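Inspection log for the structure reproduced underneath, given as C-alpha cells.
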Amino acid sequence: MENDRVLQVVNLKKYYTVNDGWFSSGQRVKAVDDVSFSIYKGETVGLVGESGCGKSTTGRTVLQLSQPTSGKIIFEGTDISKLKGQELRQIRRRIQMIFQDPYASLDPHKTIQQILTEPLHVHHLYDKKKRIEKVRKMLKTIGLTDTYLTRYPNELSGGQRQRIAIARAVILHPLLIVADEPVSALDVSVQAQVINLLMHLQHEFQLTYLFISHDLNVVRHITDRIIVMYLGKMVEAAPTEELFRDPKHPYTRALLSAIPIRNPDEHTDRIVLNGEVPSPVYPPSGCPFHERCPNAMDICSKAAPRQVNLSEKHKTICHLYS
Amino acid sequence: MKNILDVSNLEVKFQTRRGGVQPLRGVSFRVHEGETLGIVGESGCGKSVTLLSVMGLLPNDMAEISKGKVLFEDQEITHLKEHERRKLRGSKMSMIFQEPMTSLNPVFTIGDQLSQPLRKHTKLGKKEMKKRIIDMLKLVGISRTEEIIHQYPHQLSGGMRQRVMICLAIICEPQLLIADEPTTALDVTIQAQILDLLKKIKQKNNMSIIFITHDLGVVAELCDRVIVMYTGQIVEEADVRTFFNSPKHPYSKGLLASMPKEDERKQKLYAIKGNVPGLNELPLGCSFSNRCPMAFDRCKMSPPVVKVDGQICRCWLYAEQKVGEQHGE
Amino acid sequence: MTNVVRKTDTEEKSMPVLRRKSHFVSFFSDLIRSKTGLAGFFIICLLFVIGIIGFLIVPFNPMDTETAQKLLPPHTEGHLMGTDQLGRDVFSRVILGTRVSLTIGIVTVVLAGVIGTVIGVLAGFFRGWLDMVLMRIVDVQLSFPFILLVLVVNAVLGSGLKNIIISLIIAGWVVFARVVRSEVLAIREKEFIIACVATGVSGWEIMVKHILPNLFTPIIVLASLQVANFIIAEASVSFLGFGVQPPQPAWGNMLNEGKDYIFNAWWMITFPGLAIVITALGINLFGDWLRDELDHDL
C-alpha cells in the first residue's frame, strides 16, 4: 500500500491576505486550513464542497501553481513544495491538470497540433516526426480525427475543446491528473461523453485522478473515495459508496440530501440548512460549521473538533463522534 | 384549466454581422394557471430566446419576431409598444435571471430597488410600501429585513441576492414568473433552499412559473410539465411523470439515459453522440438526425409533430401511431 | 436502415465542423459589408498610392519658387490648388507632403509600438519592482501634454525629419506600454497560461510563444489609431515651426506658412488642412472597423 502512494498532502495550509482598504493592513483568509490526505495509484479521489470551501485552491497548490503557506506535498516520495525552476518543471511532467472552462484553457492563437506537441517539446521528448505521430495517436484515442490538427480552438465545440485539453494533459503520460470541474461547463449531452473519456483514459494509461467537483452525481459515478471540505477544512473522508450510504458529518448529510432527485417519484428527506457559508475572512470559532449545524452542541462553538477515525478509511472531523 | 400564456408558432430571426440565423423555428406551448412548466435544453436550443421574446426583451436592433403569436391572458402581446410592455413587466409577468449580481443595480439600496416596481405599478403610500417590502422579504426567507433594505447588492452573498431578485420579481404578485436558470450559479445547498422557496411562493400566490434549466434533477423536483427544446424547436412535451418514466423523443431518452445512476457506478455512461450543431449548420430534415441512434431514411424530411396521450413529440418514429395508443415501453 | 445510421456511428466524422473561410477571404468579405470601414480602407489605399508614386504625377517641382506667380488662386495657370507666397504649386506640395506624413506616421508607430510592447510585456509579466519603476515612468510622462513633450524633445534634438520621428517615439511609446501591460496582466491570469505553467513551459517561452501572439490584436488596433495621432502631432509641431523645415513640403509647415496669408490666400491653409483631416479620418474609420472585426473574431 505504502509503495502505491502517489501523493501525500500533509497539514497543507494556504492563507491569502486581502486588502480591504488603501491603508489598512490586509485581512488573512484561510483558504485551505490544515488539510491532509493521500492518494494511491490508480484511484480517483473526489474533492467536493461548495464555492469557497478551498477545493480548487487545494488542487492548484498540489500542482504548485501557488505556493502553500505551510505543509508538505509529497509526490512519489519527494516534497515538491520546496522545489523550484528546472526541478519543478521536471515534476510537472508527472502531474497534469484539466481545467473547467475549455474556452479559456486553450491558447486561441495555436492550432491543435501546436497545442498538443508543446508538452512533448517542452520536455524534449521524441523527435519532430515522432511527436506528430504521438499527437495523431492521441487524437484517435480521444475520438477526434487527424483533420483537427490544423484547426484552431474557436473552430471547435466546447466538448471537442475539452477533449483537446484532456489530451494535452494525458500526452505526457503523467501519474496524477488534477481535474478541476472538468465537465461543469459542458452541455448535458456532452458531459457523459467526457466522463466516459476520462474513465477510458484512466484505464488505458493507469492514471490517478484528483477530481474536484461540486456535481455530486458525477462525483459519485466516477470516484473511489471522497473528501468533503467546508470553509477551508476537511470535514469528512470516506470511500464513495460508504459516504453516500452512511454520511457521518452533519454537513455531508445536508450536502448529500440537497442533491436534486432523479425522478419525480423519488422522495428525499431533505435537510435544508439555515443561512449560507460564512465569509472565510471571519470564520466562526470552534467548528466552522457550528452556526448552521442542526446537531450543534455547546462545545462546537468553543473548540475545534479533531479528526476521528471511524474505520480505516472513514474519517470525520466532528465533535459528535469524539 | 385556464391558460395564462399561449405561445403559437413563434419564430425569431437574428441578424448578425455574419448573416442571419433563426434561433426559434416555430415554437408553440401553453402555460396553465398555477402550474410550473420546465423548459429543458442545451446551449443554443432557443430556451432563453423563447422567454426573452415572451418578455419583450429581445434586442431590438438585431432580433425580430418574424412569425407567430404570444397571448398573455388572451391578449396578443408581440405587437405591444414599449410603454404598454412596461405595464405588464414587473406587475403581471416578471423574470429572474441566472446571475443575481449583474441583475441588481449596484448603486441603489435593496429597499430602493424593491420599491421601484411598487411605485410604478401600485398606488401604495410610503408606509404601506415599506410594510409590503418587509413582508415580501420575509416571504423569501430573509430574516434581518430592517437591515437588508438599507444595504447594497455587493454586501449580500450570492444566495441572498438571488432571494432579493425573487422578491423583486414577485413583489407585485405577478401571474407569471419566468426563471432563467436561477439556481445554476448557486451551490447545491443554496439551490435546495431556493427551490423550496419557489414551491412555497407558487402555492401561496397561485402563480405560474416557467423554469428554464439544463438540470433534469431540478425539473424532477419542481415542475409539473416539461418541454424539451433542441435547435430552436420543441421536440417533446409531457407532464413530468410521463417524461421521466417514458420519454418518447430519442433526444429526451438520451438526456435521461446519460444521467449517472446510483447502481451503475464506474460504468460507461450512455452518451448522445456528437455535439449540438450550430444554427447555421443544421442537418436537413430532423435536426437531431445526425446524432440520433434511431435515425432512418425519413429523418431527412422534416418530422411531424405527433400527439400521444397529451405527450407531444416531434419525431418520425411515432408518425404511424394513433392517438391514444399505449405509450409504455 | 441506410447510410444515415452508419454515418452517425463514427461520431466526429459525421459532424459538420465550423470550417472558417481563410482569414484573408473573410477579412475582405467583412470589410466590403462595412461602409465606414471600406471608406477608411479606400482613403488609406489612395494615400499610399499618392505617397509612393506622387512624385511622378506632380505637375510642378514643389521646391521651385517663382515669385512672379505668387499667391495665385486655385485653377489658374494650371495650378489646381493655387500657389503660395513664393509661387510654389500648392497641389504638388500637398501631394509630396503625403509621403512625409505617412513615413512619419508609420515609422513612429512601428518603433514606438515595439519599444512600448517590450516594456509593457516586461512590466506586466514580471510585475514587482520592475513593473513599479517602469509604470511610474509612464505615469510621469503621461502627465505631460503629449505635444508639449514632443516640442521639448524636438527643441533639444533640433528640427528635421529624423529628429521629429525620434521625438514622437520618445513621447509616444508610453501609450503602447500602458495598454500592453494591462493586456498582459489579463492574459497571464487566463487558464491557458496556467495550463502552460502546469505543463512545465518556462517563463520566457510563455512570454514569447503564448502572451505575445495574444497581444497581436490589441496592438494592431492601437497602432492603427495611433498612426493618425502621430500624423496630427507631426503637423502640429511643424505648424509651430519645429519639425520638418521648409522648403521640404510637409502639411504642418504649409499650414505654418499659410497662416500669415489666411485672409488673402485661403487656399494655402485649406488644402493641407483638408489633407490632414481626410488622412486622420480615413485611418480612424479603418481602425475602428478593425477593432470591431478583430474583437469579433476571438
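Not measured: the values here are computed from a predicted model.
Ranked by heavy-atom pairs under 4.5 Å with chain A, the first of B/Met259, B/Gln191, B/Gln267, B/Glu264 is B/Gln267. Listed options B/Ala220, B/Ala192, B/Ala257 were ranked by heavy-atom pairs under 4.5 angstrom with chain A; first place goes to B/Ala220.
Looking at B/Asn245 and A/Asp265, their side chains do bring a donor and an acceptor atom within 3.5 Å of each other. Counted by atom type alone, A/Gln191 and B/Ser258 present zero donor-acceptor pairs between their side chains at under 3.5 Å. Checking A/Thr223 against B/Arg265 by side-chain atom types alone, no donor-acceptor pair falls below 3.5 Å.
Within 6.0 Å of atom NZ in A/Lys140, 12 or fewer heavy atoms from other residues, nucleotides or ligands are found, so the atom counts as exposed in its surroundings. By the 6.0 Å contact criterion, NZ on B/Lys266 is enclosed, its count of non-hydrogen atoms from other residues, nucleotides or ligands being greater than 12. Within 6.0 Å of the CD atom in A/Glu204, the count of heavy atoms belonging to other residues, nucleotides or ligands exceeds 12.
Between the side chain of B/Lys268 and the main chain of A/Asn196, no donor-acceptor pair closer than 3.5 Å is present. Judged purely by atom type and a 3.5 angstrom limit, A/Arg262 uses its side chain to pair as donor or acceptor with the backbone of B/Pro260.
Contact between B/Gly217 and A/Pro260 at its shortest, heavy atoms only, is C-CB, 3.5 Å. Across all their heavy atoms, B/Tyr270 and A/Ala192 have their closest contact at O-CB, 3.4 Å. Taking all atoms of both residues into account, the shortest heavy-atom contact from B/Glu42 to A/Val190 is OE2-N, 4.2 Å.
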- Check the pair A/Asp187, B/Val276 against side-chain contact (heavy atoms from CB on, under 4.5 Å), reporting the backbone distance first and the verdict last. CA-CA 9 Å; A/Asp187 273 328; B/Val276 182; 3.9 Å; yes

- salt bridge (charged side-chain N to carboxylate O under 4.0 Å, His left out) evaluation trace for A/Arg270 with B/Asp196: CA-CA 10 Å; A/Arg270 182 150 295 155; B/Asp196 226 43; 5.7 Å; no

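Heavy atoms of A/Val188 lying under 4.5 Å from chain B belong to its backbone as well as its side chain. A/Leu216 touches chain B through its side chain: at least one heavy atom from C-beta onward sits under 4.5 Å away, while N, CA, C and O do not. For A/Ser157, the part lying near chain B is the side chain, with the backbone staying farther off; criterion is any non-hydrogen pair under 4.5 Å. With a 4.5 Å cut-off on non-hydrogen atoms, A/Asn263 touches chain B through its backbone and its side chain both. Heavy atoms of B/Phe243 lying under 4.5 Å from chain A are absent altogether. Both the backbone and the side chain of A/Ile261 have a heavy atom closer than 4.5 Å to some heavy atom of chain B.
Using a 4.5 Å heavy-atom cutoff, the side chains of B/Thr189 and A/Leu255 are in contact. Looking only at side-chain heavy atoms (C-beta outward), B/Val188 and A/His214 stay at 4.5 Å or farther from each other.
Listed by chain and number, the residues in a ring pair (Phe, Tyr, Trp, His ring centres under 6.0 Å) with B/Phe211 amount to none (sequence neighbours excluded). Not a single ring pair (Phe, Tyr, Trp, His ring centres under 6.0 Å) links A/Tyr103 to another residue, sequence neighbours left out. Residues satisfying the side-chain hydrogen bond (donor to acceptor under 3.5 Å, both in side chains) test with A/Thr252, not counting sequence neighbours, are A/Glu236.
Interface with chain B: from residues 244-251 of chain A, no residue qualifies, criterion being any non-hydrogen pair under 4.5 Å.
For the atom pair CZ of B/Arg291 and OG of A/Ser189, the computed distance is 4.0 Å after rounding to the nearest 0.5 Å. Here B/Leu269 contributes atom CG and A/Gln193 contributes atom CD; the two are 11.0 Å apart, rounded to the nearest 0.5 Å.
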